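The model shown is predicted, which means the values in this text are computed figures rather than measured ones.
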Amino acid sequence: MKIVFVSLDTLRASRLGAYGYGKPTSPYLDRIASQGVLFKRAYAADIPTEVAHTGIFTGKVGLTTGVVAHGSELTSLPRSVGWLPAMLFGAGLTTAAIDNLYQLKEWFARGYRYYINSSGRQRWIDGRTVNELAKAWLNEHAGEDFFLFLHYWDPHTPYLPPEKYVSRFYDAGRDPRDPANRSMERAYNNGAYPFFKYHHYDLLGPVTDAEYINALYDAEIRYLDDLLQELDETLERLGIRDDTLLMLFGDHGESLTEHDIFWDHCGLYEHTVRVPLIMRWPGRIPAGRSVSGLVQQVDMMPTLLEAAGLPVPDGLDGRSLWPAIRGEASGAHDTIYLSECAWQAARGITDGSYKLIVTYDPGPFKRPPRELYHLEADPDETVNLAETMPALADRMERQLNDWVAGKLAGRRDPMLAQLEAGLPFRKRLQTILGQFGFTWEDWWNNPARERFDEAMERSRMNGGKGA
């Protein structure tokens with residue numbers, strides 16, 4: 001059996017044609033979806049990257065593994081926890097990864113015969129690098145049964161697509177640096193600005209038009225789409241395309257200015273937790289399938305184990321997607337529970353109709369303690385119903401709390417432990433602020449871009465010795 005398992009980091013489902021987007025970001029991905037099965041309501045239950053991928057490879061949500069925070073020094077994953085690549089390797093498949101998650105946590109390299117680190121000298125990874133490494137590996141191992149994990153980062157910040165892709169999504173006659181355009185002001189005067197100044201804005205130059213950055217995100221997806229076409233053509237050239245189970249998924253989505261989140265993936269809103277999930281396996285999955293019910297990332301592990309004819313371990317939070325693929329079920333879950341613990345700490349619950357979000361620490365954002373949205377009537381989650389429908393909010397919060405208590409089974413809540421130690425990204429932001437003479441409270445109460453830029457300039461004039 002051959003499996004190509006592809007993580008499309010930071011890819012928002014609603015920005016793809018197969019999920020209803022009107023711009024030409026994903027013609028080849030849409031084609032793959034038409035050749036297999038598209039899961040319309042797939043969720044990243046734990047975000048962002050580190051916790052999402054831990055769930056994907058264990059089949060267990062963060063409260064089960066204890067891994068709930070991204071970038072935390074508190075987390076570890078015992079070797080006794082089942083790990084998908086290790087299981088497949090033990091069953092005789094040649095396992096390989098082209099990935100850099102090992103640099104986040106050591107457990108991401110477990111179970112691979114070949115672990116090829118895609119990182120270079122730059123912080124970001126171009127999908128061209130992933131493709132070149134993947135093609136070389138496939139050329140050598142095409143005759144074997146294998147599991148190949150590929151991790152593409154192109155839709156992740158900084159958005160730096162090849163220039164030829166940008167004009168497809170941004171009018172050439174429009175000036176992204178027009179001084180009369182004020183649409184970037186909300187982003188530049190946001191609490192997280194000092195972090196993204198380093199990691200995104202300075203790399204793009206003095207952009208004034210927020211739509212230009214949205215266009216760059218679309219251009220990154222189209223560039224990724226072409227890379228995936230090239231990968232698929234490699235499978236065809238090697239004569240293994242029809243023998244290969246191809247699974248494509250997002251680890252989380254991206255907010256593009258919604259909810260005052262500017263080109264980042266925090267917040268348990270649909271733009272961030274709804275992800276693409278597509279499977280193609282010629283002869284085993286009928287073309288043109290569509291699954292409308294709720295599924296989540298931890299379902300992928302038992303689905304692949306079943307496809308490989310391997311036993312599915314007890315105690316997983318994920319459920320096989322094969323009944324839904326065969327049309328025997330509408331999805332895999334009636335309820336999805338959500339969690340984040342990086343920029344902010346929050347949990348959520350959705351039944352597909354309503355969603356409740358409970359925020360424990362808003363980080364650099366301003367959030368109400370509870371948000372309730374009617375997803376069918378308000379898919380962009382703009383009208384908070386928590387105060388007008390308190391009975392429903394209370395019921396959903398009790399259900400959420402009961403689920404959390406059941407998962408913990410008397411263990412200490414790892415999110416509370418992380419809050420005591422400090423949110424990982426808040427700590428990173430505080431470090432940056434401290435270098436230029438700001439306390440957290442001072443900055444949070446008045447996050448004006450000019451204040452930070454002036455402090456940076458004073459530091460520069462002082463020879464980099466801070467404020």
Side-chain angles (χ1 to χ4, degrees), residues 5-49 52-53 55-56 151-157 159 169 214 217-225 228 246-259 261 263-280 288-300 303 321 324-325 330-333 336 338 340 348 350 352-353 355 357 373 375-376 378-382:
F5 195 57
V6 184
S7 177
L8 308 171
D9 208 286
T10 321
L11 185 57
R12 170 171 157 171
S14 62
R15 223 65 179 184
L16 302 179
Y19 287 88
Y21 193 46
K23 295 182 181 180
T25 54
S26 56
Y28 203 80
L29 266 171
D30 301 342
R31 179 180 174 186
I32 293 174
S34 73
Q35 296 166 342
V37 59
L38 174 79
F39 296 87
K40 290 184 174 181
R41 305 201 71 176
Y43 279 89
D46 293 278
I47 62 168
T49 301
H53 284 90
I56 286 164
H151 191 176
Y152 292 87
W153 288 84
D154 300 277
H156 194 288
T157 53
Y159 306 152
F169 303 99
N214 289 345
Y217 180 74
D218 284 348
E220 287 279 24
I221 298 173
R222 182 55 187 263
Y223 175 51
L224 173 63
D225 194 72
L228 294 173
L246 176 65
M247 182 174 277
L248 303 153
F249 59 91
D251 67 333
H252 50 72
E254 187 84 318
S255 286
L256 308 174
T257 76
E258 300 92 352
H259 297 279
I261 302 167
W263 307 289
D264 193 30
H265 30 273
C266 60
L268 299 178
Y269 307 107
E270 295 291 277
H271 301 310
T272 297
V273 296
R274 285 277 294 278
V275 294
L277 177 56
I278 297 167
M279 292 175 63
R280 186 191 69 195
R289 281 283 193 195
S290 179
V291 172
S292 60
L294 302 180
V295 305
Q296 58 182 338
Q297 290 172 334
V298 292
D299 299 330
M300 291 191 281
T303 302
L321 297 173
I325 294 170
S330 61
H333 304 271
I336 301 289
L338 306 165
E340 65 171 324
T350 181
S353 179
K355 181 198 288 181
I357 300 171
Y373 298 105
L375 299 179
E376 295 170 344
D378 179 25
D380 291 327
E381 296 161 294
T382 60

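For the atom pair NE2 (H271) and CG (D380), the distance works out to 4.5 Å, reported to the nearest 0.5 Å. Residue I56 holds its CD1 atom at 4.0 Å from CE of M300, rounded to the nearest 0.5 Å. To the nearest 0.5 angstrom, E340 atom CD is 8.0 Å from T272 atom OG1. Note: M279 CE to I32 CD1 = 13.0 Å, rounded to the nearest 0.5 Å. Note that the CG atom of L256 and the CZ atom of R12 stand 4.5 Å from one another [nearest 0.5 Å]. For the atom pair D225 CG and D30 CG, the distance stands at 7.0 Å (nearest 0.5 Å).
A centroid separation of less than 6.0 Å is found between the aromatic rings of H53 and H151.
Contact detail for A33 and A18: the closest heavy-atom pair is CB-CB, 4.2 Å. Among all heavy-atom pairs drawn from A45 and Q296, the shortest one is CB-OE1, 3.3 Å. Between D154 and Y223, the shortest heavy-atom contact is OD1-CE2, 3.6 Å. The two atoms that bring P24 and R222 nearest to each other are O-NH1, 2.8 Å, heavy atoms only.
Under the 30°/60° scheme for interplanar angles, the aromatic rings of F249 and F5 are found to be tilted. Classification of the Y373-H259 ring pair by plane angle, with boundaries at 30° and 60°, yields perpendicular.
Side-chain N or O atoms of E381 include one that pairs as donor or acceptor with a backbone N or O of E270 at under 3.5 Å. No donor-acceptor pair under 3.5 Å is formed between the side chain of R274 and the backbone N or O of A13. Side-chain atoms of E220 do not come within 3.5 Å of backbone N or O of D218 as any donor-acceptor pair. Not one N or O on the side chain of T157 forms a donor-acceptor pair closer than 3.5 Å with the backbone of Y159.
Side-chain contact between I47 and L268 is present, with heavy atoms from C-beta onward closer than 4.5 Å. By the 4.5 Å heavy-atom criterion applied to side chains, L246 and V6 are counted as neighbours. At least one side-chain heavy atom of I325 sits less than 4.5 Å from a side-chain heavy atom of F39. Residues Y217 and P155 are in side-chain contact: their nearest non-hydrogen atoms beyond the backbone lie under 4.5 Å apart. A 4.5 Å side-chain heavy-atom check between L11 and L29 finds at least one atom pair inside the cut-off. Contact check for L248 versus P276: no side-chain heavy atoms found under the 4.5 Å cut-off. When side chains are defined from C-beta on, L277 counts as touching M247, because their heavy atoms get closer than 4.5 Å. For the pair K355 and V273, the minimum side-chain heavy-atom distance is below 4.5 Å.
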Walk me through whether D299 and T303 qualify under side-chain hydrogen bond (donor to acceptor under 3.5 Å, both in side chains).
CA-CA 6 Å; D299 299 330; T303 302; over 6 Å; no
Verdict with supporting geometry, Y152 and L8, side-chain contact (heavy atoms from CB on, under 4.5 Å):
CA-CA 5 Å; Y152 292 87; L8 308 171; 4.1 Å; yes
Report the C-alpha separation of V291 and L321 in whole Å, then their side-chain angles, then the decisive distance to 0.1 Å, and conclude whether the side-chain contact (heavy atoms from CB on, under 4.5 Å) test is met.
CA-CA 10 Å; V291 172; L321 297 173; over 6 Å; no
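Comment: R15 does not engage E254 in a salt bridge, judged by the lack of any side-chain N to carboxylate O separation of less than 4.0 angstrom.
A52 pairs by the side-chain contact (heavy atoms from CB on, under 4.5 Å) definition with D251, Q297, not counting sequence neighbours. Shown here are the side-chain contact (heavy atoms from CB on, under 4.5 Å) partners of D46, two or more places apart in sequence or in another chain: V51, V61, S339.
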